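Here the structure is laid out as structure tokens; the discussion comes afterwards.
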Amino acid sequence: QVQLVESGGGLVQAGGSLRLSCAASGRTFSRYSMGWFRQAPGKEREFVAAISWNSGATYYADSVKGRFTISRDNAKNPVYLQMNSLKPEDTAVYYCAATALWLRPIATMTSGHEYNYWGQGTQVTVSS
């Protein structure tokens with residue numbers, strides 16, 4: 001059974017940092033592109049960041065560009081999301097996801113429908 005498990009969420013003050021991790025089991029995700037999405041209460045799920053299977057390319061939503069960094073280590077956990085300069089509007093449940101469409105340009109992988117596997121999510125709350 002394939003499983004993605006996020007960790008690292010929590011409560012932080014505005015301007016602070018958090019690092020999310022996504023651990024995989026049941027399958028090797030080295031040939032999968034990976035993404036992070038988030039969903040705030042009462043809002044639709046939105047794309048945050050994505051990284052290609054070989055870390056050669058990354059892509060970010062405009063709202064997090066310059067503050068968030070996605071990375072991966074195929075030998076350990078598949079993907080990380082370093083979040084700096086957090087704002088209250090970053091408050092959401094954050095999900096990692098994997099897509100088998102690893103040959104697609106990463107900038108096109110911003111829809112949740114493109115992803116095959118999802119984690120259960122981790123809550124990030126940023127207080128003002």
Side-chain angles (χ1 to χ4, degrees):
Q1 182 178 358
V2 176
Q3 214 173 11
L4 296 176
V5 180
E6 304 91 338
S7 62
L11 174 64
V12 64
Q13 288 188 333
S17 299
L18 283 174
R19 189 192 195 207
L20 305 183
S21 299
C22 178
S25 62
R27 175 180 289 273
T28 299
F29 284 91
S30 59
R31 285 300 179 101
Y32 281 68
S33 292
M34 304 293 292
W36 285 96
F37 290 76
R38 66 187 182 187
Q39 187 166 21
K43 295 188 177 181
E44 294 187 354
R45 181 179 61 195
E46 65 173 355
F47 169 79
V48 175
I51 187 166
S52 62
W53 69 276
N54 62 353
S55 302
T58 58
Y59 189 70
Y60 298 91
D62 288 343
S63 59
V64 307
K65 201 173 296 181
R67 299 187 297 122
F68 290 10
T69 302
I70 188 171
S71 62
R72 68 187 297 167
D73 181 351
N74 288 337
K76 300 178 181 178
N77 287 334
V79 65
Y80 304 95
L81 186 69
Q82 178 66 43
M83 305 186 296
N84 298 329
S85 302
L86 282 161
K87 304 175 181 179
E89 51 262 44
D90 295 318
T91 295
V93 177
Y94 283 71
Y95 300 89
C96 73
T99 174
L101 301 174
W102 60 280
L103 290 176
R104 289 267 300 272
I106 202 64
T108 68
M109 304 304 291
T110 60
S111 170
H113 299 293
E114 309 282 10
Y115 291 78
N116 308 95
Y117 302 102
W118 291 83
Q120 84 291 345
T122 186
Q123 176 70 46
V124 171
T125 302
V126 185
S127 63
S128 57

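What you see is a predicted model, and the numbers here were worked out from it, not measured in a lab. This chain uses plain numbering: 1 for the first residue, then up along the sequence.
Of all heavy-atom pairs spanning I106 and A57, the tightest one is CG2-CB, 3.7 Å. The heavy-atom pair separating T99 from M109 by the smallest distance is OG1-CE, 3.5 Å.
Among pairs with a residue in residues 69-106, those fulfilling ring pair (Phe, Tyr, Trp, His ring centres under 6.0 Å) read W53-W102, at least two apart in sequence or across chains. Screening residues 6-15 for salt bridge (Lys or Arg N to Asp or Glu O under 4.0 Å), with sequence neighbours left out, gives no hits. Screening residues 11-118 for disulfide (SG to SG under 2.5 Å) gives C22-C96 as the qualifying pairs, with residues at least two apart or on separate chains.
Checking T91 against E89 by side-chain atom types alone, no donor-acceptor pair falls below 3.5 Å.
The aromatic rings of Y32 and Y117 sit tilted, their planes meeting at an angle between 30° and 60°. Between W118 and F37, the ring planes are tilted. Angles from 30° to 60° get that label.
Within 6.0 Å of the NZ atom in K43, the count of heavy atoms belonging to other residues, nucleotides or ligands does not exceed 12.
Look at K87 and D90 and you find no salt bridge, because none of the NZ, NE, NH1 or NH2 atoms lies under 4.0 Å from a carboxylate O.
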TODO: Give the C-alpha distance, both sets of side-chain angles, the deciding distance and a yes or no for side chain to side chain contact (heavy atoms under 4.5 Å, CB included) between S63 and R38.
DONE: CA-CA 12 Å; S63 59; R38 66 187 182 187; 3.5 Å; yes
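Side-chain contact between F29 and N74 is absent, with no heavy-atom pair separated by less than 4.5 Å.
Each of T69, V48, I51 was checked for a side-chain contact (heavy atoms from CB on, under 4.5 Å) with Y60, and the lone residue meeting it is T69.
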